[in-house]
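Below is one structure, written out as structure tokens; comments come after it.
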There are 2 protein chains.
Amino acid sequence: MDQLDNIDLKLLRLLGEDSRLTTKELAAKVNLSPSPVFERVKRLEAAGYIKKYIALIDAEKLNYGLIIFCNIRLKQHDKSIGHQFVTDIMKLKEVVECYNISGDYDFLLKVYARDMKHYQDFVFNKLGSVKSIGSTHSTFVMCENKNTHNINF
Amino acid sequence: MDQLDNIDLKLLRLLGEDSRLTTKELAAKVNLSPSPVFERVKRLEAAGYIKKYIALIDAEKLNYGLIIFCNIRLKQHDKSIGHQFVTDIMKLKEVVECYNISGDYDFLLKVYARDMKHYQDFVFNKLGSVKSIGSTHSTFVMCENKNTHNINF
DNA sequence: CTTGAAAAATGGAGGGT
DNA sequence: ACCCTCCATTTTTCAAG
């Protein structure tokens, strides 16, 4: 699949907002019949433009009301230490996102916790047992103003 | 809907990973027949545990290869300035997430850009025209190691 | 891309524990 | 209250033109 036309892009935008739109509904929105839309979507899936379909779950309703961005500095910076850190961090269910970043710190984690007590336990007992960590700095989210989960292309 | 049993939680976990699982497939995984599973999912949707269904689009394939976390300090901290900032920032398509945070800065933005040139343009021309901004600090993502898009409850 | 038809899933009625 | 087994309707999926 070499390049996308405007209809492909529109389908991606629509599905990125609401993946429960039926082929018929998509067809109406792009002024085509269902069959070609179906084929286009299959092609977009096969070519990897659509990575997966998920349901967005309300974290607050499940008593995960606290979001924290946790900056982490490693003790050393060789490749194996970094790789070990990522492997260790992957196992922690509270960690939803993990980025290798530029600047003062090496990694940025997005963490979901039930409350402060839970986060304290996470930092002391879970991060505390990851040997490669040198120091951490936590930034607490007071309000999530926007989260689209997809790029707005 | 007062409280969820283990089957409800399992359904949320399954749909949070793959929302294209059919009622039949979900039923097999929780050892029930399709009908009660269908009803449970509808209840979870109506009660807001499932916020929406989306397709995850590959940003890199659409030439949005650069992720930046942009820390922002406002000039002043009264309510109306903060509200105006959020309103202005919402309109910027490059901004995918926006958080009101504790610490040295007031807001944290997650930004997707095509490349450095695009990001430079974003900072100078788009953020540059948001009057409420005092100063900014950008952290560049070198590697996205993990992004689950949902809590792991 | 269109038409059209088979296969599958959705969504509901009615009954059982 | 919760679950099950059908069954009609709709949607998906894939031919052939």
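Per chain, numbering begins at 1; letters A, B, ... match sequence-line order.
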Which sits closer to the 5' end of DNA chain C, A:R20 or A:S35, going by the nucleotide each is nearest to?
A:S35
Does a side-chain N or O of B:R40 approach OP1 or OP2 of D:dC3 to a distance below 4.0 Å, or not?
yes
So which nucleotide from C:dC1, D:dT12, D:dC3 ends up closest to the side chain of B:L32?
D:dC3
Salt bridge (Lys or Arg N to Asp or Glu O under 4.0 Å) filter on A:D58, not counting sequence neighbours, yields none
Is there a donor-acceptor contact under 3.5 Å from the side chain of B:K10 to the main chain of B:K29?
yes
A:L26 CG to D:dT10 C1': how many Å, rounded?
16 Å
For C:dA8, does either OP1 or OP2 sit under 4.0 Å from a side-chain N or O belonging to B:K24?
no
In whole angstrom, give the distance that lies between atom CG of B:L15 and atom P of C:dT10.
11 Å
In terms of side-chain heavy atoms, does A:E94 have a donor or acceptor partner in A:H118 at a distance below 3.5 Å?
yes
So does B:R13 pair up with B:D18, basic N to acidic O under 4.0 Å?
no
Send over the distance from B:E39 CD to C:dT10 P, rounded to a whole Å.
14 Å
Nucleotide C:dA8, atom C1' - distance to CG of B:L21 in whole Å:
15 Å
Figure out the OH/P separation between B:Y53 and C:dT10, and round it to whole Å.
10 Å
Side-chain N or O of B:S33 versus OP1/OP2 of D:dC3: is the shortest distance under 4.0 Å?
no
Using 30° and 60° as the class boundaries, would you call the ring planes of B:F85 and B:F107 parallel, tilted or perpendicular?
tilted
Pick the nucleotide of DNA chain D nearest each of A:K42 and B:I7; which residue has the one closer to the 5' end?
B:I7
Whole-Å gap separating P (C:dT2) and CZ (A:F38):
16 Å
Counting heavy atoms from C-beta on, name the nucleotide in C:dA9, D:dT11, C:dT2 closest to the side chain of A:T22.
D:dT11
Separation of atom CG in B:N31 from atom C1' in D:dC3, rounded to whole Å:
14 Å
